[in-house]
Amino acid sequence: GQQLNQSPQSMFIQEGEDVSMNCTSSSIFNTWLWYKQDPGEGPVLLIALYKAGELTSNGRLTAQFGITRKDSFLNISASIPSDVGIYFCAGLLPGANNLFFGTGTRLTVIP
Amino acid sequence: EPEVTQTPSHQVTQMGQEVILRCVPISNHLYFYWYRQILGQKVEFLVSFYNNEISEKSEIFDDQFSVERPDGSNFTLKIRSTKLEDSAMYFCASEAGLAGYEYFGPGTRLTVT
């Protein structure tokens, strides 16, 4: 299957710091999505990106769809304790209707 | 806000038994999905369903798996004869259109002993 690699695998940051994580693939995607998953729960959609180069914000979150269509990044500004969780990127291939998920970035925010 | 619901939240079954996992997608959505997540790993696509038939399935979705939309609201995943390696969280998702905007349910944790 498709391989979406996320980095870093995990992060430990102080409350108030900014966070940056990214997702890369060898394949071109039509859509990039970022999800957050809390323990024992389903992924919750944070941001959806539909065009190469698109930069979209949702509150303290900003994500960009890479120009090559093979990567995306997610930034979180001024982190707070409830930002703790696993962040997954997911992509939609041209012509497909199912998502391929990245390997995840586990974020820990230290108060 | 409308949400996808799943039952049960946790299912324990013995190897070889059949299980049915249930989902109620968001009511005006047309596309339905099952994904699974083995503990500590990424979410993996199993199957998509549209217009009362399977539209796509992964190599994980073998003959032991089947899906059904028995009425206008439920969407089920059946595993005919469970194996130990079927132990995972199973997520249902639904979508209004094909924009990639999938909403996930809270998941069913399946434990096969």
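Lettering of chains follows the sequences in order, A, B, ..., and the numbering in each one begins at 1. We use all heavy atoms of the structure for the numbers below, so side chains are in, but hydrogens, waters and symmetry mates are not.
Looking only at heavy-atom pairs under 4.5 Å with chain B, the residue among A:Arg106, A:Gln37, A:Gln6 that has the most is A:Gln37. For chain A, the option among B:Glu44, B:Gln37, B:Arg109, B:Met89 with the highest count of heavy-atom pairs below 4.5 Å is B:Gln37.
Contact annotation for B:Ser55: only side-chain heavy atoms (C-beta onward) come within less than 4.5 Å of a heavy atom of chain A. Residue contact with chain A, scored on non-hydrogen atoms closer than 4.5 Å, is absent for B:Tyr50.
A:Phe29 and A:Leu74 fall within a single hydrophobic cluster, where Ile, Leu, Val, Met, Phe, Trp and Tyr are joined by side-chain heavy atoms under 4.5 Å apart, directly or via other members. Linking ILVMFWY residues whenever their side-chain heavy atoms come closer than 4.5 Å, directly or via other members, leaves A:Leu93 and B:Leu46 in distinct clusters.
Note on ring orientation: taking the six-membered ring where Trp is involved, the planes of A:Phe101 and B:Phe104 are perpendicular (angle over 60°, cut-offs 30° and 60°).
In this structure, the separation between OH on A:Tyr35 and OH on B:Tyr103 is 9.0 Å, given to the nearest 0.5 Å. A distance of 7.0 Å separates CG of A:Leu99 from OH of B:Tyr33, quoted to the nearest 0.5 Å. The distance from the CG atom of A:Asn98 to the NZ atom of B:Lys57 is 13.5 Å, given to the nearest 0.5 Å.
Residue-environment remark: CD (B:Gln14) stays at or below the threshold of 12 foreign heavy atoms within 6.0 Å. Shown here is A:Lys51, whose NZ atom has no more than 12 heavy atoms of other residues, nucleotides or ligands within 6.0 Å. Residue B:Leu84 places its CG atom among more than 12 non-hydrogen atoms of other residues, nucleotides or ligands, all under 6.0 Å distant. Residue A:Glu17 qualifies as enclosed at atom CD: its count of foreign heavy atoms under 6.0 Å is above 12. Other residues, nucleotides and ligands contribute only 12 or fewer heavy atoms inside 6.0 Å of the CG atom of B:Asp63.
Nearest approach of A:Thr103 to B:Lys42, heavy atoms of both residues: CA-CB, 4.2 Å. When every heavy atom of A:Gly42 is checked against every heavy atom of B:Phe91, the shortest pair comes out as CA-CE2, 3.2 Å.
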